[in-house]
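Contents: one structure, followed by commentary.
Quick note on labels: first sequence line is chain A, next is B, and so on, each numbered from 1.
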Amino acid sequence: MTDFLLDELNEPQREAVTTTEGPLLLLAGAGSGKTRALTYRIAYLIHEKGVKPWHILALTFTNKAAEEMKQRVNDLVGIDANAVWVSTFHSACVRILRRHAELLGYTTSFSIYDSDDQKTLMKQVIKKLDVDPKIYKERSVLAMISSSKNELISDLEFNQIHQGDFRLRKTGELYSEYQRQLKMNNAMDFDDLLLNTVRLFQIAPDVLEDYQERFQYILVDEYQDTNTAQFKIVSMIAGKYKNLCVVGDDDQSIYKFRGANIRNILDFERVFPQARTIKLEQNYRSTKNILEAANQVIAHNMGRKKKTLWTDNDEGVKVAFRQYDSAFDEADGIIRDIIQNREQYSYGKCAVLYRTNAQSRLLEEKCVAYNVPYQLVGGVNFYQRKEIKDLICYLKTIDNGRDDLAVQRIINVPRRGIGAASISKLMDYADSRDIHFFDAICEYEHISGLGRAGARIGEFLTQIQALRAKAEFLTVKELLEQVLEDTGYRAELESEETVEAESRLENIKELINKAAGMKDEAGDPTALGRFLEEVALVAEVDNMNPDEERVILMTLHSAKGLEFPKVYLSGMEEGLFPGMMSINSGDPEDLEEERRLCYVGITRAREILVMSAARTRMVNGENHYSRVSRFVEEIPAGMLQQRNHDAEHRDALRMSSRGTGYSRPKAAVLSTPGNISYRLGKEFTVEKADQLDYSVGDRVRHVKFGEGTVTNIEEGKRDHEVTVQFDRVGEKHLFASFAKLAKIQ
DNA sequence: CGCGAGGATATTTTT
DNA sequence: TATCCTCGCG
């Protein structure tokens, strides 16, 4: 078994797998098979070294990475693998903290505040301390607190360090008050999870020792993204056995803005003098052309670990660069290019990457216009969506009333006539007595000046109590549905009848599905807590299904760790990428980080890489002219296949936007119903189709609504009216030419 | 209390 | 250009 495993590895990978004892730094370039090395290492530890699975801890950054690793370890090792702790830093910390929360003055059921909660709380703190919100914006104060926590600087230390500076002293006060409030709410923010774990280990050496014994072998993925706190946690646990293997690529460190400390990787050998370093330099992913372009760009950074990526793969085709007149043309060009080449590179093989989320809009519009199935990754987090948070806060409130923010959030959602004035009366009352907001609600009859709202508060209280009673014999899913009914939340959305409300209901359905996935007995008292826990730490639902044939649109940041046969890097413009901020900051490090981001982008591509830029682009409302990104110019011109998309294309577009409409390139005529003729721009004309290529009973797909079954087709004057029962959104009436339904199978 | 008008404000992102 | 937030009015 083991020999068989090792045969699948190249020399340095094998070394990385078999060097099990002592600290090991694995410098793994993009596409060099680092996840493979990590998972094989775990398998090797268990099978060859006889290490018990529960003595192994593997830490990753994202849930997705953790999931993937778990999966791959499972495939490799078998059932034993479940005993291996494979988790994100944050969830590992939660697990540890729950067990020992009392030592830090928290109860075991402490709640976790996400960035929205943090903002809300900070707003309250700023108000309470009566500082000028113009000068102390919650966003920047929180950023400062966060980076302090990441550097393991507590509010006390912060105050000590910044005695001299008035403004920072004030910030320190905000920090302290913020922490006080968190503690009162029995809550930790994301950074606290790390910070408190370190504190726990410091104040309870016996606890630390338990974990040192427990985790004799530690692996850390994406090590270049760890911050100081994370490094501390790892080195504390590894302090005894020192069997610590970290895998990273300094060239792919792109999270400095969020506390990642690149020194963690550059200084690893200093902190662990006995450390061995192994480099994985063979790239299995990209063509020679793509890899060479990446190498050229990243070579412009100073202070890297020496490392040269090479590959045995084919030359491939040259990296393309295209400059368009406007961002509009760029998006159009990219999507049309995808359509034209879809024979060779189907939709699912293409990804369009960009620097800022704002850039996705144009691309999205083009996809819709050309009926190209697409998947937008990122944007607003599922669990950060309003409707989801509302429901979660209901569940939190039902679970226990100890989370003030949660209660405050939902007390007037849906509208119950409890306004800001009443809420702040309740808050004052709670404050003055040092009790929880929810307790204040319970005593609403004793609070003067509530007026009409008093009765409403009473109704709210009754409702929550009724739900609590029901919770005792319901599953989480049933409880959720009960909440939707009893509070009128669903009714309110349904009565809205807007597209937006529609998609909210859809999101809610997804949450219910998630709850249904919990295997809980009706009334299981721990189930609700477990559900909330899961939800607090799981960010994006992993909805990027690689089997589906959709063009992926996402930011460069979220592309890390992924690969695609064909990649478009859009918006290669000075001021956008690299961004204005990094150009003007004066810190050359910032520009280097942007360059690393570019490197990450380039190395996502397996076979085809197309970079593009626009001469003009709308930025913050005004037209902006920009030069081609320096990153493009850092690739020698001879290595690029350049094309200017001015004259010919522009003329073609101009002509087509007059007259009868723009006829799409031949290749772009898809299985769309009818002969749709477009004009560019938002409006387009449609012609009624003679015949539809689907009929009643057929399964069809819609870009926005997903899959469904045709239940009726009616002959209209100008168009066919199609009724479709969609799986996710229910029944819809659509005009055939607009809906652009595609038959499945 | 709710709504609409007008002003300020614009990275990147995970947990 | 959009979106978010605040403020003032009904």
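- Nucleotides B:dT12 and C:dC5 place their P atoms 16 Å apart, quoted to the nearest Å.
- Here the C1' atom of nucleotide C:dT6 and the NZ atom of A:Lys137 are 15 Å apart, to the nearest Å.
- Residue A:Thr555 places at least one side-chain N or O under 4.0 Å from the OP1 or OP2 atom of B:dT13.
- The cationic group of A:Lys119 does not satisfy the cation-pi geometry with A:Tyr113, failing either the under 6.0 Å distance to the six-membered ring centre or the 45° limit from the ring axis.
- Taking the side chain of A:Arg355 as heavy atoms from C-beta on, and the options B:dT11, B:dT13, B:dT15, the nearest nucleotide is B:dT11.
- Shown are A:Arg630, A:Arg627, A:Arg355; of these, the salt bridge (Lys or Arg N to Asp or Glu O under 4.0 Å) with A:Glu574 is made only by A:Arg630.
- When heavy atoms are screened at a 4.0 angstrom cut-off, A:Met581 is found touching base atoms of the nucleic acid.
- When the salt bridge (charged side-chain N to carboxylate O under 4.0 Å, His left out) test is applied to A:Arg72, the partners found at least two apart in sequence or on another chain are A:Glu68.
- For the salt bridge (charged side-chain N to carboxylate O under 4.0 Å, His left out) test, residues two or more places apart in sequence or in another chain that qualify with A:Glu222 are A:Lys34, A:Lys560.
- Residue contacts for A:Ile418: at a heavy-atom cut-off of 4.0 Å it reaches the sugar-phosphate backbone alone, with no base atom in range.
- Going from atom CD of A:Gln359 over to atom P of B:dA10 covers 18 Å, rounded to whole Å.
- Consecutive Watson-Crick or G-U pairs involving DNA chain B, each under 3.5 Å on both distances, make up stems of three or more pairs at B:1-10 with C:1-10.
- Rounded to an integer number of Å, the gap from A:Asn227 CG to B:dT13 C1' is 14 Å.
- Nearest nucleotide to the A:Thr88 side chain, out of B:dT9, B:dC3, B:dT15: B:dT15.
- Side-chain N/O atoms of A:Asn357 include one lying less than 4.0 angstrom from OP1 or OP2 on B:dT13.
- Atom NE2 in A:His90 sits roughly 16 Å away from atom P in B:dT13 (whole-Å rounding).
- Between the CG atom of A:Leu193 and the P atom of B:dT15 there is a distance of 12 Å, given to the nearest Å.
- Each of A:Ser582 and A:Ile423 lies near DNA chain B, and the nucleotide nearest A:Ile423 is the one positioned closer to the 5' end.
- Summarising the geometry, the separation between CD on A:Gln252 and P on B:dT13 is reported as 17 Å, rounded to the nearest angstrom.
- Every residue was checked against the salt bridge (charged side-chain N to carboxylate O under 4.0 Å, His left out) condition with A:Glu592, not counting sequence neighbours, and none meets it.
- Near DNA chain B, meaning a heavy atom under 4.0 Å from it, residues 257-264 of chain A has A:Phe257, A:Arg258 in order of number.
- Taking the nucleotide of DNA chain B with the nearest heavy atom to each of A:Arg416 and A:Arg139, the more 5' of the two is matched to A:Arg416.
- Pairs of residues two or more places apart, or lying in two chains, never qualify as ring-ring contact (aromatic ring centres under 6.0 Å, His included) while including a residue from residues 129-151 of chain A.
- Between A:Phe631 and A:His300, the distance from one ring center to the other does not fall under 6.0 angstrom.
- In this model, a donor atom of one side chain and an acceptor atom of the other lie less than 3.5 Å apart for A:Asp189 and A:Tyr178.
- In this structure, A:Arg615 forms no cation-pi arrangement with A:Tyr625, as its terminal cationic atom is not both closer than 6.0 Å to the ring centre and no more than 45° off the ring axis.
- One atom, CD of A:Glu365, and another, C1' of C:dA2, lie 12 Å apart when rounded to the nearest Å.
- With a 4.5 Å cut-off on side-chain heavy atoms, A:Met554 and A:Leu353 count as touching.
- A:Gly417 comes within 4.0 angstrom of sugar-phosphate atoms only, judged by non-hydrogen atoms across all strands, and of no base.
- Under 4.0 angstrom from either OP1 or OP2 of C:dA2 there lies at least one side-chain N or O belonging to A:Arg361.
- Here A:Ser422 reaches the OP1 or OP2 of B:dC1: one of its side-chain N or O atoms lies under 4.0 Å away.
- Electrostatic pairing of A:Glu459 and A:Arg416 does not count as a salt bridge here, judged by no charged N lying under 4.0 Å from a carboxylate O.
- Atom NZ of A:Lys256 is separated from atom P of B:dT13 by 17 Å (rounded to the nearest Å).
- Closest to the side chain of A:Met618, from the set C:dT1, B:dT11, B:dC3, is C:dT1.
- Nearest to the side chain of A:Asn412, among B:dC1, B:dT13, B:dG2, sits B:dG2.
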